[in-house]
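Down below is the structure, laid out as structure tokens.
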Amino acid sequence: MMKSRHWLVKQEPDSYSWDDFVRDGGTSWDGVRNYQARNNLRAMQAGDPVLFYASGEGREVVGIAEVEKGAYPDPTADDPAWVSVRLKPVRKLARAVTLAEIRAQPALARMPLIRHTRLSVMPITASEFKAVVKRGG
DNA sequence: GCCAACGTTGGC
DNA sequence: GCCAACGTTGGC
């Protein structure tokens, strides 16, 4: 049985917002320089569902994305060990799901988003993914 | 603006 | 190899 993987990526809307992402029709998720995040990028496969979270101003999950292309060397890095993936937008949530809301839900509060606040690329479970999408409409 | 968490760097 | 100093991220 194939296990589907679900992910959450964080981005400061000041540097790259959901609207930028939609306007571009997808983007290369590069510039990640954290080992744990890199390992997560490496595990991403085309078709994996991804939640798009806006940190800083907002602090909320704003939309659903999908892995378009799995890990390849990050063109912005000197060292080819750093990787990036290509993500494309699927749809915006009807209503953004806030960090406070996620924290208040025992079923969601276990996500690394809450427990490892500085991690920018993280795996989440299928049920966490579903629960957030359900709340987002 | 402040502060906590935590990864990285550099002296020893 | 240890650990203090420092820088960055990100919540509040």
Side-chain angles (χ1 to χ4, degrees):
Chain A
M1 186 174 65
M2 177 94 165
K3 189 189 174 195
S4 79
R5 299 164 182 273
H6 297 71
W7 309 95
L8 183 147
V9 297
K10 257 199 284 207
Q11 186 60 37
E12 286 272 355
D14 282 353
S15 47
Y16 197 76
S17 70
W18 172 262
D19 288 342
D20 294 330
F21 185 44
V22 170
R23 188 199 53 220
D24 293 347
T27 194
S28 174
W29 210 259
D30 51 33
V32 173
R33 298 293 181 272
N34 170 280
Y35 290 106
Q36 212 180 336
R38 183 194 68 184
N39 292 342
N40 293 331
L41 285 176
R42 279 184 174 162
M44 287 186 174
Q45 293 170 1
D48 288 352
V50 180
L51 292 179
F52 188 109
Y53 175 84
S55 59
E57 293 300 312
R59 275 162 276 141
E60 56 196 10
V61 176
V62 293
I64 303 169
E66 184 181 299
V67 178
E68 190 174 9
K69 187 181 171 205
Y72 51 89
D74 184 339
T76 71
D78 294 333
D79 184 346
W82 295 113
V83 300
S84 69
V85 298
R86 191 163 175 85
L87 300 182
K88 65 178 181 186
V90 173
R91 70 176 174 89
K92 189 175 186 173
L93 292 178
R95 188 183 67 81
V97 179
T98 66
L99 180 66
E101 207 177 326
I102 289 169
R103 192 194 301 277
Q105 287 282 316
L108 296 177
R110 295 176 57 89
M111 287 200 288
L113 182 67
I114 306 296
R115 305 167 77 195
H116 299 280
T117 57
R118 297 183 58 198
L119 185 62
S120 63
V121 180
M122 66 192 78
I124 60 175
T125 67
S127 59
E128 286 162 349
F129 181 90
K130 277 183 205 154
V132 171
V133 170
K134 188 178 177 189
R135 295 183 77 81

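All heavy atoms count here, side chains included; hydrogens, waters and symmetry mates do not. In this text the structure is predicted, and so the values were computed from the model without any measurement. Every chain is numbered from 1, with letters handed out A, B, ... down the list of sequences.
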**OP:** Encode nucleotides 5-12 of chain C as B, S and - characters from 5' to 3', where the letter depends on protein heavy atoms closer than 4.0 Å: B to the base, S only to sugar-phosphate, - to neither.
**Re:** --BBBSSS

Subject >> Interface with DNA chain B, restricted to residues 30-44 of chain A and to heavy atoms under 4.0 Å >> reply: A:Asn34, A:Tyr35

**OP:** With sequence neighbours excluded, give me every ring pair (Phe, Tyr, Trp, His ring centres under 6.0 Å) pair touching residues 18-40 of chain A.
**Re:** A:Trp18-A:Phe21, A:Trp18-A:Phe52, A:Phe21-A:Phe52, A:Trp29-A:Phe52, A:Tyr35-A:Trp82

**OP:** Kindly write out the residues that satisfy salt bridge (Lys or Arg N to Asp or Glu O under 4.0 Å) with A:Asp74, not counting sequence neighbours, or none if the list is empty.
**Re:** A:Arg33

Original post:
Under the salt bridge (Lys or Arg N to Asp or Glu O under 4.0 Å) test, which residues partner A:Arg23, sequence neighbours left out?
Top reply: A:Asp20

Original post:
Quick one: salt bridge (Lys or Arg N to Asp or Glu O under 4.0 Å) partners of A:Arg135, sequence neighbours excluded?
Top reply: A:Glu101

Original post:
Which residue pairs pass the side chain to side chain donor-acceptor pair (under 3.5 Å) test with at least one member in residues 122-134 of chain A, sequence neighbours excluded?
Top reply: A:Thr125-A:Ser127, A:Thr125-A:Glu128

**OP:** Provide the full list of side chain to side chain donor-acceptor pair (under 3.5 Å) pairs with a residue in residues 60-69 of chain A, sequence neighbours left out, each pair given once.
**Re:** A:Glu68-A:Arg86

Original post:
Pairs in or reaching into residues 103-137 of chain A: which pass ring pair (Phe, Tyr, Trp, His ring centres under 6.0 Å), with residues at least two apart or in two chains?
Top reply: A:His6-A:Phe129

